[in-house]
Amino acid sequence: MSRFNALKADAAWQQVWDDRQTFAVRDDSPRPKSYVLEMFPYPSGKIHMGHVRNYTMGDVLARFRRMQGMEVLHPMGWDAFGMPAENAAMEKGVHPGEWTYQNIAAMKAQLKRLGFALDWSRELATCDPAYYGHEQALFLDLHAAGLVYRRESAVNWDPVDMTVLANEQVIDGRGWRSGAPVEKRKLNQWFLRITDFADELLAGLDSLDKWPDKVRLMQENWIGKSRGMQLGFTLSDGGHVEVFSTRPDTIFGASFVAVAADHPIAQAAAAGDAAAEAFIAQCKRGGTTAAEIETQEKLGYRLGVTARHPFTGAALPVFIANFVLMEYGTGAVMGVPAHDQRDLDFARKYALPVPRVVADGERTDAVFEGDEAYTGAGRLVNSQFLDGLDVDTAKSEVIARGEAEGWGRGTTVWRLRDWGVSRQRYWGTPIPIIHCDACGVVPVPKAQLPVTLPEDVTFDIPGNPLDRHPSWKHVDCPACGKPARRETDTLDTFVDSSWYFIRFASQPADRPFDKAAAEAWLPVAQYIGGVEHAILHLLYARFWTRALRHIGKLDVAEPFAGLFTQGMVTHETYKAQDGRWLAPEEVRDGIEVASGAPITIGRVEKMSKSKKNTVDPAPIVDQYGADATRWFMLSDSPPERDLQWSEAGIEGAWRFVQRLWRLFDGNAPAAGDDAALTRKLHQTIAGVAADIEALQFNKAVAKLYELVAAIEKAAPSAARNEAVATLVRIVAPMTPHIAEEAWAAMGGEGLVADAAWPDVDTALLVEDEVTIAIQVNGKLRDTLVLPRGMAKDAIEAAALGAPNVVRILEGRAPRKVIVVPDRLVNLVA
RNA sequence: GCGGGCGUGGCGGAACUGGUAGACGCACCGGACUUAAAAUCCGUUGGGCCGAACGGCUCGUGGGGGUUCGAUUCCCCCCGCCCGCACCA
């Protein structure tokens, strides 16, 4: 008997698949279509274990669907624009494009080495003008439809490097290179009107029944539809302020009004008040992330004016506050400290009154004690005409009075904000707009697309190379012909990934996609990717698809019919004494291998290039082969759960591949039945199919181990040979190379990749005997093997006769008997 | 701070819709084969107690409480870890 030479078989069969174009998909195939897609990778340099996990799962499903007779579109491409390429340019002096294409070549080779059933003829890279030119055309279409606009918005500003920083480049409030404290700075930027689609993006979640509930819930909360009220307060100086509140019921608990630093009232105050100006400047310190803003100390500046309470007439102090956001609601809030935690923190700090207006059970005391706001339900108290009402009724009552008296109205607000797509960077899709002093904003005529990036750029100083390029931005206005300037911002890379799945389905040269061809494949039947994309990428892609439908380009509402979010592959992080991140292979037993110096072991985090805690699959594939690597990735860990990387077990996967080969290679002719084995075989065919369909590969793996063990133990028979021959096809989606080798050796027709999934004899799926648990007072005391489907009283009689039951009951009759047919009897004594 | 998720033997995990907790794999230990090793095969393995043994009893699914004949599963509170928070992709 021979040993399976994995490395030789891998190369041979990958060559065969390539030569025969086995996985090239046909648009005109008569077979039912299925689109299986994994989130395309950023070409960071090497694939890591997270990629292997993601693409192996998708591959098993794609191969399985092919075996079920479907025409499967399973493409691959590159999310190729992004910051790391510019960082590489700064550090190594290599052009971002060159660096990116080198990485693509390296990673493509690694993916091919794993034997994925991908249609490489549809490969695309988003940094290719042949891709981003079409993206520019779509951007112009959305612009023409009024879905694109420009406004001011804050960015992280590094005052030393004089450059915009990404949130990731702000470390502890400081610029990552300069170390200077970052500030918020306003820039004119491009936005997409995703909020126009807020309602349908929310409603559409209901139709996504093949999405995980948790992702739908996260998107629902992110969109954040809430009913609230806009209330006008008259100011003591004769002015007026509109505040927004989701809790108008608590209006009698209001003890102050707060406005954002950007609010016109704050801006006006700053004009004549140096202290107010200084406070607003202080609010501009720090970065723009929500986590940073919401965890910083609540600070306020008390203005001279007061706001008149619409019911009591009380004069409420007006503050500028650093926790109020101009982007949400009206940029002004009424502070109800007893029933909102942020307001309470603020009130305690500035010694403001804290009246209770919602009863917490029995607690109705007018002056609220403690430092934990009560946000729960209850009856209104200390609130005049609202007393005794519940929260919802009180809300409606206040809205009704405000509307009747003309100082307020009920509104719907969304947490979702419009999508800012401007990036002050080089390595992205140029925004196809020209600014003309005479004509204003002028779209680049479509005939002039693509607007390509200039090659001759430098990265030796911070800032956007497009902006300082000597000639690139200087063009003539397409409208009037006078000298004008190109937009030098590029598009957010999330735009690139918002339509790549459409381009995979249809890629004509002269337009982004063909409507009918794309609609033939879409929506994606099964989309697979990391849970970290649960909100942003998936929401943007949903929006983009709906926006295309809105302008008549594509009649698809939801791009991804089925979604599976895999857990992340995580690993410890390591840091050298001087703060450098170290890769796992640079560390052994708590010391840095190169220097012998001790290291610091950090948190367990998702594998990422920036923290260097990635593990390269190449050595594993080279040692154990593609099948063992794939099998190992599918084993043990449930795919939706995070997986802390460990190599323990790869040996077992490799042993399993060799066990398979011993079965395949040792199948000598024999005769006779083996009913038990045949039953096990059919149960496994059905079980594995169900598990693959549900993407529960770890369970499919366990079932296959059981079947293999059963075959190994079985005596030679025709049934055993049949089981071995069928096993080849069952494992084919997971370990395709050894399956092809065995299929060929056994004289199978064509490739096992093209073979049909084995049929199941459903009559064999149920056992005719069942083991029934016998409990006394809920504790297992015995088990009985009985025929399936036995009547309740017969089961009860059998249970009462079980030796352990007789011993424990000592002749007493049970008080109560619970019989669950085919499963269990519980005798309550 | 806000939103979401997860927590089961030494380890990864399984357990249908509330019904025998620990399938399957790893690791470990013992045995077979071998001159030897590798490979392979067989067997043991949650903790504690009783027993020569067959076996029996008992505790046990992050912690505390609750519902139920019965809870890893449902409810409440708490702890820990992970992900996201709009310029990382």
Side-chain angles (χ1 to χ4, degrees), chain A residues 3 39 41-42 44 79 81-84 155-156 164-170 189 212-215 217-218 220-222 224 287-296 298 323 327 341-342 345 415-425 492-494 497 530-537 539-540 565 567-568 570 603-606 608-610 632 635-638 640-644 646 648-653 655-656 658-659 662 698-699 701-706 709 712 771-775 777-783 804 807 814-818 820 823-828:
Chain A
R3 238 170 125 69
M39 292 178 186
Y42 177 77
S44 56
D79 189 13
F81 276 136
M83 273 199 321
V155 293
N156 300 305
V164 176
L165 298 177
N167 285 336
E168 193 189 48
Q169 297 171 313
V170 179
Q189 307 197 68
D213 288 341
K214 64 173 176 181
V215 176
L217 185 58
M218 280 191 266
E220 183 182 327
N221 291 337
W222 184 263
T288 58
T289 68
E292 188 178 346
I293 290 167
E294 284 171 33
T295 52
Q296 69 190 185
K298 313 280 176 289
F323 63 90
E327 278 85 17
Q341 191 58 47
R342 284 185 310 191
D345 295 343
R415 209 187 74 96
L416 182 68
R417 307 199 298 261
D418 274 336
W419 177 12
V421 293
S422 288
R423 298 293 182 271
Q424 295 69 41
R425 278 198 271 281
D492 180 5
T493 56
F494 274 125
S497 54
V531 67
E532 69 272 25
H533 295 292
I535 296 177
L536 291 180
H537 161 59
L539 190 63
Y540 290 145
T565 53
M568 265 152 308
T570 61
R603 295 198 307 143
V604 172
E605 295 185 71
K606 77 167 169 175
S608 82
K609 192 160 175 159
S610 60
F632 178 52
S635 303
D636 296 348
S637 185
E640 71 282 1
R641 212 184 289 181
D642 287 352
L643 165 66
Q644 192 174 342
S646 154
I650 180 67
E651 298 265 3
R655 272 201 297 273
F656 178 75
Q658 293 300 337
R659 274 170 80 185
R662 279 195 300 279
N698 56 321
K699 295 188 202 172
V701 163
K703 289 187 175 84
L704 282 162
Y705 270 115
E706 289 189 46
E712 285 170 341
T771 304
I772 293 187
I774 311 300
Q775 298 180 339
N777 292 330
K779 287 181 179 162
L780 181 72
R781 296 302 180 191
D782 216 328
T783 60
N804 278 348
R807 179 175 55 77
R815 241 177 342 110
K816 188 175 173 187
V817 180
I818 291 124
V820 183
R823 198 167 275 280
L824 138 160
V825 177
N826 190 11
L827 305 163
V828 186

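Here is the naming used below: chain letters follow the sequence lines, and residue numbers restart at 1 for every chain. Excluded from the calculations below are hydrogen atoms, water molecules and symmetry mates; all remaining heavy atoms, backbone and side chain alike, are included.
A:Lys779 places its NZ atom 11 Å from the P atom of B:G70, with the value rounded to the nearest Å. Between A:Phe656 atom CZ and B:U40 atom P there is a gap of 14 Å when expressed in whole angstrom units. Atom pair A:Arg815:CZ and B:G70:C1' shows a separation of 13 Å (rounding to whole Å applied). For the pair A:Ile650 CD1 and B:G12 C1', the interatomic distance rounds to 14 Å; values are reported in whole Å. The distance between atom CD of A:Glu640 and atom C1' of B:G12, rounded to the nearest whole Å, is 14 Å.
A:Asn826 contributes no side-chain N or O that, together with a main-chain N or O of A:Ile818, makes up a donor-acceptor pair within less than 3.5 Å. Side-chain atoms of A:Asp642 never come within 3.5 Å of backbone atoms of A:Gly567 as a donor-acceptor pair (strictly under, hydrogens ignored). A donor-acceptor pair under 3.5 Å links the side-chain atoms of A:Asn156 to the main chain of A:Thr288, judged by distance alone. A:Arg415 places a side-chain N or O within donor-acceptor distance of the main-chain N or O of A:Trp222, the cut-off being under 3.5 Å. With hydrogens and angles ignored, the 3.5 Å screen pairs a side-chain donor or acceptor of A:Glu292 with a backbone N or O of A:Gly287.
With its glycosidic angle more than 90° from 0, B:G66 adopts the anti conformation.
B:G1 and B:C69: their P atoms are spaced 41 Å apart (whole Å). Going from the P atom of B:C29 to that of B:U34 covers 23 Å, rounded to whole Å. Distance noted for atom C1' between B:G63 and B:C79: 7 Å (whole Å). Comparing B:U68 with B:A15, their P atoms sit 28 Å apart, to the nearest whole Å. For B:C81 and B:C88, the P atoms lie 25 Å apart once the distance is rounded to whole Å. Nucleotides B:G80 and B:G48 place their P atoms 30 Å apart, quoted to the nearest Å. One C1' atom belongs to B:A27, the other to B:G46, and the distance between them is 15 Å to the nearest Å. Between B:G12 and B:G7, the distance separating the two P atoms is 12 Å to the nearest Å.
Ranking B:G4, B:G1, B:C59 by closeness to the A:Thr295 side chain, first place goes to B:G1.
Using a 4.5 Å cut-off on side-chain heavy atoms (C-beta onward), A:Val825 and A:Val817 make contact. Taking the side chain as every heavy atom from C-beta outward, A:Thr289 and A:Val170 never approach each other to under 4.5 Å.
Residue contacts shown for A:Ser44 are absent, as no nucleic acid heavy atom lies under 4.0 Å away. Residue-level contact check: A:Gln775 touches the bases, meaning some heavy atom is under 4.0 Å from a base atom. Note on A:Leu824: a base of the nucleic acid sits closer than 4.0 angstrom, heavy atoms only. If you check every strand for non-hydrogen atoms under 4.0 Å, A:Lys699 touches sugar and phosphate atoms only.
In this structure, CD in A:Gln424 is found 10.5 Å from CG in A:Leu165, a value given to the nearest 0.5 Å. The CZ atom of A:Arg781 sits 11.0 Å away from atom CG of A:Leu827, with the distance rounded to the nearest 0.5 Å. To the nearest 0.5 Å, atom OH of residue A:Tyr705 and atom CZ of residue A:Arg659 are 7.0 Å apart. With rounding to the nearest 0.5 Å, the separation of CD1 in A:Ile774 from OG1 in A:Thr783 is 7.5 Å.
Taking 4.0 angstrom as the limit, A:Asn804 places a side-chain polar atom (N or O) nearer than this to OP1 or OP2 of B:G56. The side chain of A:Arg662 contributes no N or O atom lying less than 4.0 Å from OP1 or OP2 of B:A39. Between A:Asn698 and the phosphate of B:C24, there is no side-chain N or O to OP1/OP2 separation shorter than 4.0 Å. Between A:Lys816 and B:C69, a side-chain N or O to OP1/OP2 separation shorter than 4.0 Å is present.
Interface remark: the A:Asp636 side chain does form a donor-acceptor pair with the B:G12 base, using a distance-only criterion of under 3.5 Å.
Along RNA chain B, the nucleotide nearest to A:Lys214 and the one nearest to A:Ser637 differ in position, and the one closer to the 5' end is contacted by A:Lys214. Nearest-nucleotide positions on RNA chain B place A:Ala773 closer to the 5' end than the other of A:Arg781 and A:Ala773.
A:Phe81 approaches A:Tyr42 most closely through the heavy-atom pair O-CE1, 3.5 Å. Listed here is the closest heavy atom pair of A:Ala534 and A:Val215: O-CG1, 3.6 Å.
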Quiz item: Given A:Ile293 and A:Phe323, is the side chain to side chain contact (heavy atoms under 4.5 Å, CB included) satisfied, shown in steps?
Solution: CA-CA 7 Å; A:Ile293 290 167; A:Phe323 63 90; 5.5 Å; no
Close N/O contacts between protein and nucleotides 6-11 of chain B (under 3.5 Å):
residue : atom : partner  : partner atom : Å
B:G7    : OP1  : A:Arg641 : NH2          : 3.3

Exercise. Toss me the dot-bracket line for RNA chain B: Watson-Crick and G-U wobble, both under 3.5 Å, 5' to 3', using | for pairs to another strand and [ ] for crossers.
Key: (((((((..(((......[....)))(.((((.......)))).)(((((....)))))..(((((..]....))))))))))))....
Quiz item: For nucleotides 79-89 of chain B, read 5' to 3', which letter fits each nucleotide if B means a protein heavy atom sits under 4.0 Å from the base, S means only the sugar-phosphate is that close, and - means neither?
Solution: ---SSSBBBBB
